[in-house]
Structure formats: structure tokens, C-alpha cells
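Read through the structure below, which is laid out as C-alpha cells, and then see the notes.
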Amino acid sequence: MRVLVTGGLGFIGSETVCALYEAGHEAVIVDDLVNSKIAVLDRLETIIGKRPACYIVDCCDLKAFREVFQKEKVDAVIHFAGLKAVGESVEKPIEYYANNLTSATNLLLLMKEFGVHNIVFSSSATVYGIPQRVPLKEDDPVMSATNPYGETKVMIERIIEDACAADKSLNAALLRYFNPIGGHASGLLGEDPNGIPNNLMPYITQVAIGKRPYLNIYGNDYPTVDGTGVRDYIHVVDLAEGHVATLAKLAQNPGLCIYNLGTGKGSSVLEMVHAFEEVNGVKIPYKFQPRRAGDVTENFANCDKAEKELGWKAKRDIKDACRDAYYFQQKNPNGIE
């Protein structure tokens, strides 16, 4: 199967490209390098043994995006591309709505034009809003999200649902996942944010190598086991394998399907810090800061449906992810260059 992977040079996208080749598929990458680096392509070639087709194109540029479809015959699409920082989305909501909605609608228009019927959408647990209960299940209501980034995921899900209702030949999977962490076992791929990390794990790893003096923990007064927020941290390689398993499901022409991809277990920020310290033998100094706008208390998944219907289950734990993330950071102290 030839799979178009938008955002394929990013953290999750690049791991998914590896997983696709490992499963015997091919990838065609589209990426605008806003949240990624072209050097990732060389690293993918090293891991895979061949160089995937890659186009440096903004999915919001319909003309340039159409040219990719004209040149490359693809059987399915995995859509990762989009702006993704929760805090930044609160500060720049218009930019987030314009970018994420336009890229998704352009993709759906081109899929229809070129007869591509299968799409896996990288959604998020943020679509559940402030959870009414945990663990979250796929039939829990999709709420108004707590931030503009999450709201773009809610809107794109609705657009895809409407597209599936109107076109019975369209098969779409909405993958609602939680907090990807870790990296490729080779140390060649991992989370490489621009500037100050928005996510927990790259912040921890940058503190661990001395790049930053301490970790900021936002909020220590949540009603949780230790006062810090609880999330479902999933190893990025498990997540990538979940996308490949989902493609096999779409080949059965199921129409619209929705899956949570997580571990089924929540871990607090402090539990993550202690796990990192234990597995890597490094002390992580930290300071508590006020809560961030848009953050929820607790968020983790029930993933029974994915196990039952996709035959997929997370195999790696947070210690595996802490080890792999630190290895990537040690090998790439200044990020991917």
C-alpha cells in the first residue's frame, strides 16, 4: 500500500513512516517544515534503507498540494499535519483555525478528486473536553474543547463525519490519542521541538542533559494523587503501530470508525519525573508554576475497542519511553541537525 503521510517529518509522522515500511508499505511524505526538519528525511533513509518520496508543501496551498496527488498515486492517507501547541493556540486562535481547518478540507477535496477513499486522522483526546469520567471511552460525548487547538480537532472530526455521511465510499478513522513520548530505538528519531518545549518529556530530557536548569511543572493543586496533572503517556512507536493497524481496518470498508489510542493508565507529572530519574539515573530539579490555561486535571483512555477491533495494544510502558527519549536527547543535544 502507498500511503500519503502529511506531517510525515514530524515526531509522530516520522515514526509512522518507519512503521509503514516495517509492515511492507510505502510512504509519500508531505511536510512544510514548520514543526519539523528536512534532516529527518536522511534519518528515515538510514533506518528504512530507502528514501521515501517527500514534498516540501504546505497543505493549505491547494495548488501545490494538488500537484502531489497528480504525481503520486496513493491508496490511503494519514493526516498529521497541523499546528499543535495548546498554549500557543490560546494566544493565536485565528492562525490555528485557519491552518488546521484549511489543510484538512484541502486534503478531503483532493482525496475526492483523485479517488482516494481511506483516511486516518490524527485526532486527540482533547475532543472530550473536560472529562466527565475517566477512563474515557469512544462513545463519551465530544464536547467543546478547552483550547483552540483542541477545537480544531473537534471541527475536523465533524467535517470528516459529514463527508463520510455524504460519500459512502469514504472510509475514515478518527484516532483520539493522548500524550506521545519516547523515540526510535536507534536514537535517530524523537521529539525535537522548536524553542522552549510545550510538552513534558522533551522538557525533562533537556533538563537532564543540562540544557535547561529545571523543569516547570504547571499546577500542583489538582485533585490528583500528588497534585499534578494526570495524562495517558503512550510510547510513540506503539502509537505509530496503531496507525498501521488502522489502515488494515479501513481496507475492510467500514465507513467511519473511532478509536482511542493510549495505554489505559494515567500517570501524573511527578510520577513521570520519578520514572525518568529511576530508569536513567539522573536527577530532575523542578519548580511549580501556576496552572496553564486550557489544561485539564485528568485524562486517560479506555483502549479496549482498539484491542478488540484492530488487534492493537500498547506494548511499551513509561519507563521504556523515558529511556528512549533520553537516549535520543543524548545523541542529539541540539536536536536533529
Side-chain angles (χ1 to χ4, degrees), residues 1-14 16-17 19-21 25-41 44-45 48 50-84 92 94-124 149 152-175 243-244 246-247 250-251 253 255-256:
M1 190 184 297
R2 296 193 87 224
V3 184
L4 179 70
V5 184
T6 70
L9 298 181
F11 175 43
I12 309 170
S14 60
T16 301
V17 169
L20 284 167
Y21 278 88
H25 304 300
E26 285 186 75
V28 175
I29 297 169
V30 171
D31 201 298
D32 66 0
L33 303 181
V34 168
N35 283 315
S36 59
K37 295 174 181 172
I38 192 62
V40 171
L41 189 59
L44 285 170
E45 184 175 11
I48 295 164
K50 61 175 70 174
R51 195 172 185 86
C54 182
Y55 295 84
I56 307 308
V57 165
D58 183 349
C59 297
C60 293
D61 182 343
L62 184 60
K63 181 174 180 291
F65 202 6
R66 178 179 282 110
E67 290 173 2
V68 177
F69 276 82
Q70 289 170 338
K71 291 175 183 175
E72 302 286 348
K73 170 67 177 162
V74 298
D75 305 299
V77 175
I78 303 178
H79 184 46
F80 293 108
L83 299 176
K84 60 177 186 173
K92 301 178 178 179
I94 297 170
E95 290 86 343
Y96 269 68
Y97 288 120
N99 183 89
N100 292 4
L101 297 179
T102 302
S103 60
T105 52
N106 280 353
L107 176 59
L108 290 164
L109 286 169
L110 292 170
M111 286 177 63
K112 186 170 186 179
E113 182 178 338
F114 289 89
V116 181
H117 301 294
N118 294 351
I119 177 171
V120 178
F121 173 55
S122 166
S123 191
S124 167
Y149 158 75
T152 66
K153 296 294 190 184
V154 171
M155 291 179 176
I156 295 168
E157 281 200 6
R158 289 175 180 156
I159 291 167
I160 292 173
E161 288 169 1
D162 288 345
C164 285
D167 180 0
K168 298 307 179 186
S169 72
L170 181 62
N171 302 299
L174 311 178
L175 298 188
H243 287 74
V244 177
T246 305
L247 284 176
L250 292 186
N253 297 315
L256 179 74

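Everything quoted here is computed from the prediction, not taken from an experiment. In this chain, numbering begins with 1 at the start of the sequence shown.
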Interatomic distance, D32 atom CG to F65 atom CZ [nearest 0.5 angstrom]: 10.5 Å
Inter-residue atom distance N100.CG - K84.NZ, 0.5 Å rounding: 11.5 Å
Reported CG-to-CZ distance for the pair L107 and F69, which is rounded to 0.5 angstrom: 5.0 Å
Shortest non-hydrogen separation from T102 to T105 and the atoms involved: O-OG1, 3.1 Å
Within-4.5 Å side-chain heavy-atom neighbours: V77 and N118: no
Side chain to side chain contact (heavy atoms under 4.5 Å, CB included) between L247 and I78, intermediate numbers included: CA-CA 9 Å; L247 284 176; I78 303 178; 4.1 Å; yes
Residue pair F121, H243: steps toward the ring-ring contact (aromatic ring centres under 6.0 Å, His included) verdict: CA-CA 9 Å; F121 173 55; H243 287 74; over 10 Å; no
Approximate separation, where rounding is to 0.5 Å, of M111 CE and S169 OG: 9.0 Å
Y96 (side chain) donor-acceptor with L83 (main chain) under 3.5 angstrom: no
Residue pair A173 / T246: nearest heavy atoms and the distance that separates them: CB-CG2, 3.3 Å
Qualifying salt bridge (charged side-chain N to carboxylate O under 4.0 Å, His left out) pairs, either residue in residues 156-168, two or more places apart: E157-R176
Qualifying residue for side-chain contact (heavy atoms from CB on, under 4.5 Å) with P52, from I29, V28, V5: I29
Pairwise side-chain contact, C59 with V30, heavy-atom cut-off 4.5 Å (strictly under): yes
Nearest heavy-atom neighbours spanning D31 and G10: OD2-N, 3.7 Å
Side chain to side chain, H79 and V120, heavy atoms closer than 4.5 Å: no
Non-hydrogen side-chain atoms of C60 and N99 separated by less than 4.5 Å: yes
L256 side, atom CG; L250 side, atom CG - distance, nearest 0.5 Å: 9.5 Å
Donor-acceptor under 3.5 Å (N171 side chain, G255 main chain): yes
Short N-O contact, R2 and E72, less than 4.0 angstrom: yes
Working for side chain to side chain contact (heavy atoms under 4.5 Å, CB included), residues I156 and S123: CA-CA 8 Å; I156 295 168; S123 191; over 6 Å; no
Interatomic spacing from CG in D75 to CE in M1 - rounded to 0.5 Å: 6.0 Å
Within-4.5 Å side-chain heavy-atom neighbours: I48 and V17: yes
Sidechain-backbone polar pair: T152 side chain, Y149 backbone, donor-acceptor under 3.5 Å: yes
Qualifying residues under side chain to side chain contact (heavy atoms under 4.5 Å, CB included), relative to I38, sequence neighbours excluded: L9, L33, L41, I56
pair L175-S122: side-chain heavy atoms closer than 4.5 Å: no
Salt bridge (charged side-chain N to carboxylate O under 4.0 Å, His left out) pairs, two or more places apart, involving residues 57-66: K63-E67, R66-E113
L20 side chain near E26 side chain, heavy-atom distance below 4.5 Å: no
Residue pair L62, L110: steps toward the side chain to side chain contact (heavy atoms under 4.5 Å, CB included) verdict: CA-CA 9 Å; L62 184 60; L110 292 170; 3.9 Å; yes
Side-chain touch F11/N35, heavy atoms, less than 4.5 angstrom: no
Any donor-acceptor N/O pair, T6 side chain to F80 backbone, under 3.5 Å: yes
Greater than 12 external heavy atoms within 6.0 Å of K37's NZ: yes
